[in-house]
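Scope of the values below: all heavy atoms of this structure, side chains included, with no hydrogens, waters or symmetry mates. Chain naming here is simple, since letters A, B, ... match the order of the sequence lines and numbering starts at 1 in each.
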Amino acid sequence: MLRSPGSPMTGPVNRQTRVSTTGSGELQEESMAEEKALIPRSEDFSAWYNGVVQRGELAGYSPVRGCMVIRPHGYAIWELLQSALDARFKETGHQNAYFPLFIPESFLKKEAEHVEGFAPETAVVTHGGGKKLEEPLVVRPTSEAIIWPIMADWIQSYRDLPLLINQWANVVRWEMRTRPFLRTLEFLWQEGHTAHATEEEAEAETLLILGIYRSFMEGWMAMPPVTGVKAEWDKFAGAVRTYACEAMMQDNWALQAGTTHNLGQNFARAFDVKYQTEAGAHEYVWSTSWGVSTRLVGGLVMSHSDDVGLVLPPKLAPIQVVVVPIWSSDEQRAQVLEAVHRLEQRLAGRVRIKVDDRDTLNPGAKYYEWEGKGVPIRVEVGPKDIAKQQVMAVRRFTRDGRRKIALPEGEAAARLPEMLEEMQGELLETAVRRREENSYRGITDYEEFKRIIAGPGGFIYTGYCGAESCETRVKDETKATIRVIPDEDFRSDSFPATCVCGGKASHEVVWARAY
RNA sequence: CGGGGCGUGGCGCAGUUCGGUAGCGCGCCUGCUUUGGGAGCAGGAGGUCCCCGGUUCGAAUCCGGGCGCCCCGACCA
């Protein structure tokens, strides 16, 4: 999906806007609106997605295959997301640090499963300063292999534990196929790495962070995930246990939006990370790692956006309220701008507000631009409003279709923050309902399973025998995979005694087609 | 790596069959008039037609070779 310039790189993306003309011009029948419309979500979800990303000016393409440019509006969303999460990490005792981009190849090889999992998708630097390097340097696909040798030196005694470190960084994974935000060769993320004295503490950390991810996705992103444990063969390379947040997108596919890993003592053994206990013994530490990436931005897009473009939950909207002044004469212009700036001052510090006073665009053009960028509320102020001492507030998203509301000027400063909160709540409720409406519990009939996956899609809860071969067969036949063994909050009251293969079920799992 | 497709102003495309002044829409720039849902008129800028070689009076177009990208599949946060 990503292309390079000079070649048809931005091609498929721009095909998201409909161009009906031909060279001879005989097909110029479509109106401007039709011509500029996105491909509808219902028609081609992935084309729609690319169109939303482009219209919202979230990301662009780069000369390097599979890499994207995060544009200012997209990056602003990432920054909001980042600062909210960072605050949660700090509240729970984590500290940020930064480790090198380059990992000596030999380091990566120290943990057998880890190297096996990541080696196929690494980028390797073989030359530096015009000379061949003695040892190739791997561009980090994740940082365990460089962090543990270093943290090993930081840890001497039980008094140094727990060690709770996080880093915000870029990583590179050489993927075959890429899509903006969802899968790119290089992406931004945070990776937490912690060391603990006991297995229980490490497990508690893994679950703590999973809970933080979940509540952030619900409370900030309005993207409610199902959480649970990954199947044995689906774990992070080198982990004892992997937990994941699986969110349902508007096409009913699953997006793995965050993972936390209990690494047991695997990395401690591989990198010789030991501490001295109170009793004087030397023990390996128990460690965890966990991360979320810019993929979350893609999840945000696929959770809420519509055929007009991006829809952002207010908490993650770089601009929460955009004010569009309307005027004809200079006199009106002065009056309107005065009223608008009054409103701006009243909301300053409480709401991220922007006044769009450009006079090179018509109001209508501004509406489309800001709707495409997902601004939650637009406030229109024109001569008619001045006369009535009111402003018009227009919500980007509503459940009941009532988008436009007149607010008396005196109440606007109080009502607008409330409206933002209401919208945040309604987005979450809508997403939760959509997830539940597209979840199918207690499925035992494989034919029904296949019909759901081939048709509407969704999360299918079944019994499961635990065999990898069983998942492989289902995957080959339906393209659905086991997302997680659900956590308690998401489990059915009871689950079928038989697996989709007909064998005896040992536990419940959630299936879906996934990104 | 297998199967399909594409490479022409910033973007999307026509033109290639059958060689003859490189075009259309969008976007961009300037001016005037506009401004409550993508403004109108007038003027304007912008192209080594992916690269190399060949055929020809003449190549975007024909021939040979190369490169790149996209889609479907295998791999994946």
Checklist outcome for this item: Per the under-4.0 Å heavy-atom filter, residues of residues 378-387 of chain A near RNA chain B come out as Arg378(A), Glu380(A), Gly382(A), Pro383(A), Lys384(A), Asp385(A)
Next on the checklist: Say we look at C63(B) and G68(B): how far apart would their P atoms be, to the nearest angstrom?
Outcome noted: 23 Å
Checklist entry - Within 45 degrees of the axis of the six-membered ring of Phe187(A) and under 6.0 Å from its centre: does Arg173(A) put its NZ or CZ there? => result no
Checklist entry - When you match Pro363(A) and Arg295(A) each to their closest nucleotide on RNA chain B, which lands nearer the 5' end? => result Pro363(A)
Item to check | Touch class at under 4.0 angstrom, heavy-atom based, for Lys479(A) against every strand present | outcome: sugar-phosphate
Item to check | Candidate nucleotides A77(B), U35(B), C71(B), ranked by approach to the side chain of Ser293(A) - the nearest | outcome: A77(B)
Next on the checklist: Tell me every residue that passes side chain to side chain donor-acceptor pair (under 3.5 Å) with Gln256(A), counting only those two or more places apart in sequence or in another chain.
Outcome noted: Lys230(A)
Next on the checklist: Suppose we screen for side chain to side chain donor-acceptor pair (under 3.5 Å). Which residues come up paired with Thr227(A), at least two apart in sequence or across chains?
Outcome noted: Asp487(A)
Checklist entry - Are Phe187(A) and the base of A77(B) stacked, counting only ring centres nearer than 5.5 Å and planes tilted under 30°? => result yes
Next on the checklist: If you only use heavy atoms from C-beta on, which nucleotide in G37(B), G36(B), A77(B) is closest to the side chain of Arg403(A)?
Outcome noted: G37(B)
Checklist entry - Is the ring of Tyr367(A) stacked on the base of G37(B), with centres less than 5.5 Å apart and planes under 30° off? => result no
Checklist entry - Looking at C72(B), C75(B), U34(B), which one has an atom nearest to any side-chain atom of Met176(A)? => result C75(B)
Checklist entry - Which one, G38(B), A77(B), G73(B), comes nearest to the side chain of Arg55(A)? => result G38(B)
Checklist entry - Within the structure shown, what part of the strands sits under 4.0 Å from Glu371(A) by heavy-atom distance: base, sugar-phosphate, or nothing? => result base
Next on the checklist: Counting the atoms with a prime plus P, OP1 and OP2 as sugar-phosphate, which does Gln256(A) contact under 4.0 Å by heavy atoms, base, sugar-phosphate, or nothing?
Outcome noted: sugar-phosphate
Next on the checklist: Need one value for Leu255(A): base, sugar-phosphate or nothing, where a base atom within 4.0 Å counts as base even if backbone is also close, heavy atoms only.
Outcome noted: nothing
Checklist entry - Looking at the side chain of Ala365(A), which of G38(B), G37(B), C75(B) is the nearest nucleotide? => result G38(B)
Exercise answer: donor-acceptor pairs, residues 300-307 of chain A side-chain atoms, under 3.5 Å, sequence neighbours excluded:
from	atom 1	to	atom 2	distance (Å)
Ser303(A)	OG	Gly299(A)	O	2.8
His304(A)	NE2	Met221(A)	O	2.7
His304(A)	NE2	Ala222(A)	O	3.3
Ser305(A)	OG	Val301(A)	O	3.0
Ser305(A)	OG	Val311(A)	N	3.2
Asp306(A)	OD1	Val308(A)	N	2.9
Asp306(A)	OD1	Gly309(A)	N	3.1
Asp306(A)	OD1	Arg396(A)	NH2	2.8
Asp306(A)	OD2	Arg396(A)	NH1	2.9
Asp307(A)	OD1	Arg41(A)	N	2.7

Checklist outcome for this item: With sequence neighbours left out, the residues meeting side chain to side chain donor-acceptor pair (under 3.5 Å) with Arg88(A) are Ser215(A)
Next on the checklist: Could you check whether Gln167(A) and Glu191(A), counting side-chain N and O atoms only, form a donor-acceptor pair closer than 3.5 Å?
Outcome noted: yes
Checklist entry - Where the side chain of Lys475(A) is defined as all heavy atoms beyond and including C-beta, which of U35(B), C75(B), A77(B) is the nearest nucleotide? => result C75(B)
Checklist entry - Who passes side chain to side chain donor-acceptor pair (under 3.5 Å) against Asn170(A), sequence neighbours left out? => result Arg140(A), Glu186(A)
Checklist entry - Applying a 3.5 Å limit to both distances, which nucleotide forms a Watson-Crick or G-U wobble pair with G47(B)? => result none
Checklist entry - Among A77(B), U35(B), C71(B), which is the nearest nucleotide to the side chain of Glu175(A)? => result A77(B)
Next on the checklist: Closest approach to the side chain of Arg173(A), judged atom by atom: which nucleotide of A39(B), G37(B), A77(B) is it?
Outcome noted: A77(B)
